[in-house]
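Data block below; observations after.
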Amino acid sequence: MSPKRLFSTSSQELREDIKAASVEVIGTTVFLLLALGSIQSAKLSVVATQGAQVAEFGPHSLDHNVYISASAGVSLLASAWMFYRITGGLFNPAVSLALRLIGQISTIRLILYFIAQLTGGIIASAIIRGLTPEPFLIMNKLGDKINVVQGLFVEVFCTAILILAILMLAAEKSKLTPMAPIGISMTLFACHMFSVSFTGASLNPARTFGPAVVGGFGGEHWIYWVGPLAGSALSVGFYLWLKHVKYWRINPGQTATDPEESPQDPTKNIKADMEKEKHRSRETETDDDHQSGMRRGDENV
């Protein structure tokens, strides 16, 4: 995506924005249907073995959390690779906000993407509720002994890490950009592993808003808006600083593929260092002999 002005200025741009938003509805629906459907499946398994109370409020086993985290990462990997050439594969209002802040999308597209992503979240949640048995267990909730402030900052920092991965791997173009969905999905997996026990791992207002519309809003719902959007702004601030200091000059050549740019044979460097050391030793001996000769000459005088 090329940098955009504050608002689209032509009917052609508006039509393209509407087309992109229409596809973004489908992409977000696919992503959240797979991710949230996996969560519902995992929690229904807990209901069958440990009861609804444990399924909804925990504590959950490590296997349960790894399953949910892996499902989120793989769902994003599949969905992003399907849709990134069409819409960018954002699926998340926090990602859309970040791209607006760095000038990659226009404000009109940002608004349309917000609507599309929230709509996709609602559609995915409604499908899951219609196709799976009760209870409906995919709403975000704070974990046991986690207070509001803790939950808020877990969402802030995990979202910031996810957004930074998106900015550095997808927004920043390099030879590795086509492989960006792998790195971003791995980042989502890691962020889920950290946050799923504490906040349910939203990192995405659409992921929380859709289930809330279908299943009911809780008093902590605002956390899952403020946290991810604040995390998006935090990540953009760090990204802009990296651009300001020209980060690509700090450690150049990291995306090079030419074998000639690889390090030379280390043994050659060792031999060269040994030759330099011998040369310095000979020069030192010569200087010593010269100084000794001068002292003897002085003594004779």
Side-chain angles (χ1 to χ4, degrees), residues 1-8 13-33 35-36 72 75-76 79-125 140 155-156 158-173 177 180-181 184-185 187-188 191 201-210 212-213 221-240:
M1 289 178 287
S2 60
K4 300 290 185 179
R5 291 187 289 270
L6 185 62
F7 289 95
S8 298
E13 287 179 326
L14 180 59
R15 284 195 293 271
E16 295 303 320
D17 288 341
I18 293 172
K19 290 177 186 177
S22 300
V23 179
E24 186 72 0
V25 172
I26 299 171
T28 306
T29 300
V30 170
F31 165 52
L32 291 179
L33 180 64
L36 298 180
S75 298
L76 180 60
S79 305
W81 250 337
M82 278 191 279
F83 290 97
Y84 84 96
R85 290 185 297 170
I86 309 169
T87 69
L90 280 58
F91 314 145
N92 183 341
V95 178
S96 300
L97 176 63
L99 294 187
R100 170 73 283 251
L101 292 176
I102 68 170
Q104 285 292 98
I105 62 175
S106 67
T107 301
I108 292 295
R109 183 166 289 204
L110 169 68
I111 294 170
L112 292 174
Y113 271 13
F114 262 52
I115 295 170
Q117 289 153 358
L118 296 177
T119 302
I122 295 170
I123 294 171
S125 300
N140 282 113
E155 287 290 313
V156 169
C158 285
T159 305
I161 293 167
L162 175 63
I163 298 295
L164 184 61
I166 292 168
L167 294 177
M168 295 306 298
L169 299 178
E172 286 290 290
K173 303 307 178 189
T177 299
I184 295 167
S185 299
T187 305
L188 181 63
C191 290
S202 175
L203 322 181
N204 180 347
R207 178 261 176 268
T208 301
F209 182 76
V213 169
H221 182 78
W222 64 272
I223 292 173
Y224 301 102
W225 282 89
V226 176
L229 296 180
S232 178
L234 177 64
S235 187
V236 167
F238 180 61
Y239 171 78
L240 294 178

Q. Roughly how far, to the nearest 0.5 Å, is CD1 of I166 from CG of L99?
A. 7.5 Å
Q) CD1 of I161 to OG1 of T187: how many Å apart, nearest 0.5 Å? A) 8.5 Å
Q. Between F83 and F31, is any pair of side-chain heavy atoms under 4.5 Å apart?
A. no
Q | Qualifying residues under side chain to side chain contact (heavy atoms under 4.5 Å, CB included), relative to W225, sequence neighbours excluded | A | L118, P205, F209, H221, L229
Q: Scan side-chain atoms only and decide if S96 and Q117 contain a donor-acceptor pair under the 3.5 Å cut-off.
A: yes
**Q.** Test item: S125 and L36 side chains (from C-beta on) under 4.5 Å apart, heavy atoms
**A.** yes
Q) How long is the span from the CZ atom in R85 to the OG1 atom in T87, to the nearest 0.5 Å? A) 12.0 Å
Q. At what distance, to the nearest 0.5 angstrom, does CD1 of I108 lie from CD1 of I18?
A. 9.5 Å
Q) Only one of L90, I115, L112, T119 forms a side-chain contact (heavy atoms from CB on, under 4.5 Å) with E24, so which one is it? A) L90
Q) Looking at G27 and F91, what are the two nearest heavy atoms and their distance? A) C-CE2, 3.4 Å
(Q) Give me the atom names and distance for the closest heavy-atom approach of L32 to G121. (A) CD1-CA, 3.5 Å
Q. Is a side-chain N or O of S232 found less than 3.5 angstrom from the main chain of P228, in a donor-acceptor match?
A. no
(Q) If I compare all heavy atoms of Y113 with all of A20, which pair ends up nearest, and what's the gap? (A) OH-CB, 3.5 Å
Q) Quick one: side chain to side chain contact (heavy atoms under 4.5 Å, CB included) partners of A180, sequence neighbours excluded? A) L169, A170, I184
Q) Side chains of R109 and E13: does their closest heavy-atom pair fall under 4.5 Å? A) no
Q | Any side-chain heavy-atom pair of T28 and N92 under 4.5 Å | A | no
**Q.** Approximate separation, where rounding is to 0.5 Å, of T159 OG1 and N204 CG
**A.** 8.5 Å
Q: Work out which heavy atom in V30 is nearest to a heavy atom in S79; give both atom names and the distance.
A: CG1-OG, 3.8 Å
Q. What heavy-atom pair brings L203 and E155 nearest, and what distance separates the two atoms?
A. N-OE1, 2.8 Å
Q: Answer whether the closest heavy-atom distance between the side chains of I163 and Y239 falls below 4.5 Å.
A: no
(Q) Looking at every non-hydrogen atom in both residues, tell me the closest pair between T29 and G120 and how far apart they are. (A) OG1-CA, 3.3 Å
